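Order of the sequence lines fixes the chain letters, A, B, ..., with proteins taken first and strands second; residue numbering starts at 1 for each chain. Bear in mind that the values here come from a model prediction, so they are computed numbers and not experimental data.
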Amino acid sequence: MVSRSLLISTGNILSFNEVKKKAGQNPTDELLESLRIVLKDSQSKDDASTVLQVNRKEMHETDVDRKELKITVKIFISSPKADSLKDSLEQVFHTLHTDTIESLIIAYGKVEPSEDILKSLQSLWTVLEEYVKAGKLSSIGVSDVDTDVFIELFQWANVKPNIVQINLATCCVVPPALQVFTKENDVQLLTHSDPCQILTNDALDEFFGPGVNVHWVARYQVHVKCRGVLSSKGYLVYINKPA
Amino acid sequence: MGLLSEGNPLSWEETKKLSDHVRKHGVIQFINLYKILRDRQGDVLKWGDEVEYILVKFDDDKKTAKVSLRAEEILGVLNAKEHENPTGVKSLWRPEFGAYMVEGTPGKPYGGLLAHFNVVEANMKYRRQEVIELLHPGEALMSITNFPRLGVLDFTDPPTKPTPNSGATRSLFFPDEAIYQGHPRFKSLTRNIRQRRGEKVAVNIPIYKDENVPRPFKEDLFALGDDGSSTKAAKEDHVYMDAMGLGMGCCCLQVTFQACNIQEARTLYDQLAPLCPIMLALTAASPFFRGYVTDVDCRWNVISGLSDCRTEEERGLKPLKENKFRINKSRYDSIDSYLSEQGDKYNDVPLIYDKEIYNQLLDNGIDRLLAQHVAHLFIRDSVSLFSEKIHQNDLEDTDHFENIQSTNWQTMRFKPPPPNSSIGWRVEFRPCEVQITDFENAAIVCFVVLVTRVILSYKLNLLIPISKVDENMAKAQKRDALKVEKFWFRNDITSDAKQGDGGEPEYTEFTVNEVINGKDGVFPGLIPLVNSYLASMDVDADTHCTVQRYLKLIQRRAAGELLTTAAWLRKEVTTHPEYKKDSIITERINYDLLKKIHNIEIGEQSCPDLLGPCTTSKTTETIPAAVAKAEKLLTPDC
């Protein structure tokens, strides 16, 4: 079957009234709601386009100096391929018109035995290390990784992860070993409320019919440092769809 | 209250003669301040809470509880610590109106990281412990909005007697010795307000008409030494009060935060104004006054009435002759105007302000909205002036401005930066009543600060006509308002689209529950918005757990699943074995109630009706080292 790639960029979803009105919904619903808005806005566009983005308010409308901002990005990816991760990072840099990202988290979503997960994470981690060495990323970390795997990754890595994210949506129980390890090694133990798969292939049936394949999803959040203000938030979704 | 100017207070006659002098220089001081600081930019979020406490003395043999008049002694020790190490102490202590009150704040403001929400409660606990160590046997430090038997014969330790015919207060109920003696300001305020008004202050609060309350309910005030004036001022079926101390002697919970510039401060001042009545109803904690169960749940109007320095002319009871203005509110009341451009069109209450001052401000480049706000504050006379502070350098001092500003006790306060300091433009949120436990107080202040971040991040618009905010203030104080009343609130807070053009109103009636938790398909609710915001921020695990527990508490209180403090207090009194359905809080009921409150606040007794199953958080004294380290790399001064 012939297929082609499509990059969808939501732009700043903080300007979507529909999203704000449904405050408190989970990240998947928020993403789907945002995609609905973007795809509706761009329906009239040529079906052959490879990039879809909204022309509503863009993020760099803000008058805040880049130095005052902290950009946090989370990449949801299900393939250990370095190129795919590189591609997502480059798209994020491009979309945000920036050369640096303060904090980057990988959520590796493929279900594998833990030895394989470690290997997959290591292959992705190598990419992040390059970006850190090049001064393009500051803090890097992973999300929803078993404590053992995290410790092994930490010990193996040249550039150590300084963030680990766990999902505490329903309870406040942090695995004790992870708590101890992160404390001893100056790793930030942060929380999130993202489902394991933020966007399944099936969820996109609604927009494109069956047969869509999600390569990666990137979510960026731009904060004004030291003021607790969120100035921009958006998603980039890279898919393959039947032509 | 901040640091107080020290010195010798002037008599009312002297103060009155200087009131134009204070106003004139106060305005010049504001203009000078404004010129230097209007363009100040880029301040980070810093914020702090203020908790007021009452010192209680229990006598377990006699089964009595009194207010302990030892605040001055205790503050002496606490302030000596601060004096020795001004930048190192973890808490700051200040006097308050009552000789039985202390006010505590964190030693340094909290910062703009989410992790700071997790240190608030630990600091409150530290503060409590710090005072507990200085207490005598039988004494307790209690964060309660009002002492139930305040103003009832023999309510102090050591015992004191009111002096209806002499002194500053001249109350039938409240002795001058119960006013804080360590600083002359409080007695001087009391005397000056009474003298300016031309008579004793008076407030009548409807009594809760339980089965055995006499109809009509009328007290024999002559028996307490009344010369007839109180009997005239007292209303049937009401609890009558006649002393500033019965109002200002209540405790409250305040939050102050720094904005990044003057515009943001104006925005937050306005946006939080419609939340004042909502938060007042949610934190309602004072159903008892002068030993009676009343029909109100909040302190607000009591303090307002008992701090009311307006003359009969100003109150509209006599034609204007001596005075300049008819003034429709006490100097302790809700705000009368919005300050931001966005708020302008919702200023639907005719604002009383001094035209000359207004024009002077305009001439000096201050815009109309800010000019009218300041000119409105400056319709008041100084009610506390010290001889040492009369002559000032208007380029450097701001005491005269602060003199008027700090005696306009309103729901919100717009605070210019102090001269020559690193502090920026700030806003103070003042309506909340103080709660029994540190857990609850931390929950409330964190919630308020989170809401400010949500307002700024999502560019929310909560504005409704300011007259409607006042209507809400009146409703918020009624018995059980949280469950019974509906409040005006803006329908669409998320879009900046024009509303009201198609005929639909911009605001309708909501319950507190709907405002806080949302209304399906109609209104998102503040807690869901806070949760969306939190999901978009970097939150460490402990802070996440703590904040979730705080939000849960507020969510359940708003939904009526947990009682408000006021509802719980009522329940405790009306189910006490000694209660005779007469709305009287006897010495024994008072003792048992305060004992129970004390046991709850020190964690010896649980109180699921009020607090739910979970009353602990993961609060810690410092933010996580890894978070601090990572942030330090990004911004050293955060």
Side-chain angles (χ1 to χ4, degrees), chain A residues 13-27 30 64-65 67-70 72 102-103 105 138-139 162-166 168-174 178-179 182-194 219-233, chain B residues 42-46 111-114 116 259-260 264 449-450 452-454 456-460 492-497 518 521 523-546 548-549 618 624-627 629-631 633-635 637-638:
Chain A
I13 66 166
L14 299 182
S15 63
F16 294 175
N17 193 34
E18 300 86 332
V19 173
K20 284 193 274 187
K21 271 201 159 141
K22 293 185 184 166
Q25 64 186 349
N26 74 45
E30 177 187 82
V64 182
D65 195 323
K67 288 200 293 286
E68 306 290 315
L69 299 174
K70 175 186 176 189
T72 304
E102 281 74 9
S103 157
I105 310 285
S138 314
S139 291
N162 48 13
I163 300 172
V164 60
Q165 269 197 348
I166 55 171
L168 285 187
T170 49
C171 69
C172 276
V173 184
V174 177
L178 186 62
Q179 184 124 43
T182 52
K183 203 165 183 184
E184 282 173 356
N185 293 284
D186 266 349
V187 177
Q188 298 179 70
L189 180 62
L190 305 180
T191 61
H192 71 83
S193 53
D194 302 314
R219 178 179 60 212
Y220 56 87
Q221 289 161 174
V222 183
H223 304 142
V224 186
K225 278 183 207 166
C226 305
R227 283 181 49 211
V229 173
L230 177 65
S231 78
S232 176
K233 176 179 182 177
Chain B
D43 286 308
V44 299
L45 171 63
K46 283 187 179 168
L113 301 175
L114 278 253
H116 286 110
C260 69
E264 187 181 282
V449 179
L450 280 167
T452 66
R453 301 304 101 186
V454 171
L456 295 173
S457 298
Y458 294 112
K459 301 191 170 55
L460 300 185
D492 182 358
I493 62 171
T494 54
S495 85
D496 45 12
F523 186 81
L526 297 176
I527 295 253
L529 282 161
V530 168
N531 276 324
S532 275
Y533 162 82
L534 288 171
S536 307
M537 302 297 292
D538 299 330
V539 192
D540 68 274
D542 286 346
T543 303
H544 170 88
C545 294
T546 298
Q548 285 308 318
R549 283 180 189 173
K618 300 211 172 180
V627 172
K629 193 174 158 190
E631 292 297 331
L633 290 175
L634 295 176
T635 11
D637 57 345
C638 194

Report which part of B:Asp43 has an atom under 4.5 Å of a heavy atom belonging to chain A: side chain, backbone, both, or neither.
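Only the backbone of B:Asp43 comes within 4.5 Å of chain A.
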
Hey, which of [options] has the most heavy atom pairs under 4.5 Å with chain A?
| options | result |
| --- | --- |
| B:Asp540, B:Asp538, B:Val627 | B:Asp538 |
| B:Gly525, B:Gly42, B:Ala259, B:Ser532 | B:Ser532 |
| B:Leu456, B:Val539, B:Leu529 | B:Val539 |

Working note: A:Asp186 + A:Asn162, criterion side chain to side chain contact (heavy atoms under 4.5 Å, CB included); need CA distance, chi angles, decisive distance, verdict.
CA-CA 7 Å; A:Asp186 266 349; A:Asn162 48 13; over 6 Å; no

Which atoms of [X] come close to chain B, meaning under 4.5 Å heavy atom to heavy atom: side chain ones, backbone ones, both, or neither?
| X | answer |
| --- | --- |
| A:Gln179 | side chain |
| A:Val187 | backbone |
| A:Gln221 | side chain |
| A:Lys20 | both |

Between B:Asn531 and B:Gln548, is a side chain to side chain contact (heavy atoms under 4.5 Å, CB included) present by the stated rule, with each step listed?
CA-CA 9 Å; B:Asn531 276 324; B:Gln548 285 308 318; 3.3 Å; yes

A:Thr191 and B:Leu534: CA distance, side-chain angles, deciding distance, side chain to side chain contact (heavy atoms under 4.5 Å, CB included) verdict:
CA-CA 10 Å; A:Thr191 61; B:Leu534 288 171; over 6 Å; no

Check against salt bridge (Lys or Arg N to Asp or Glu O under 4.0 Å), A:Glu30 and A:Arg219
CA-CA 11 Å; A:Glu30 177 187 82; A:Arg219 178 179 60 212; 5.4 Å; no

Within the structure provided, determine whether B:Leu45 and B:Arg453 are in side-chain contact (heavy-atom separation under 4.5 Å).
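B:Leu45 vs B:Arg453: side chains touch.
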
Got A:Leu69 and A:Ser231 here, is their nearest side-chain heavy-atom distance under 4.5 Å?
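They are in side-chain contact.
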
In sequence, state the C-alpha distance, the side-chain angles, and the governing distance for B:Leu460 and B:Val454, and then conclude on side chain to side chain contact (heavy atoms under 4.5 Å, CB included).
CA-CA 8 Å; B:Leu460 300 185; B:Val454 171; 3.8 Å; yes

Pairs of heavy atoms under 4.5 Å with chain B: top-ranked of A:Val19, A:Thr72, A:Val174
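Result: the option with the highest number of such pairs is A:Thr72.
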
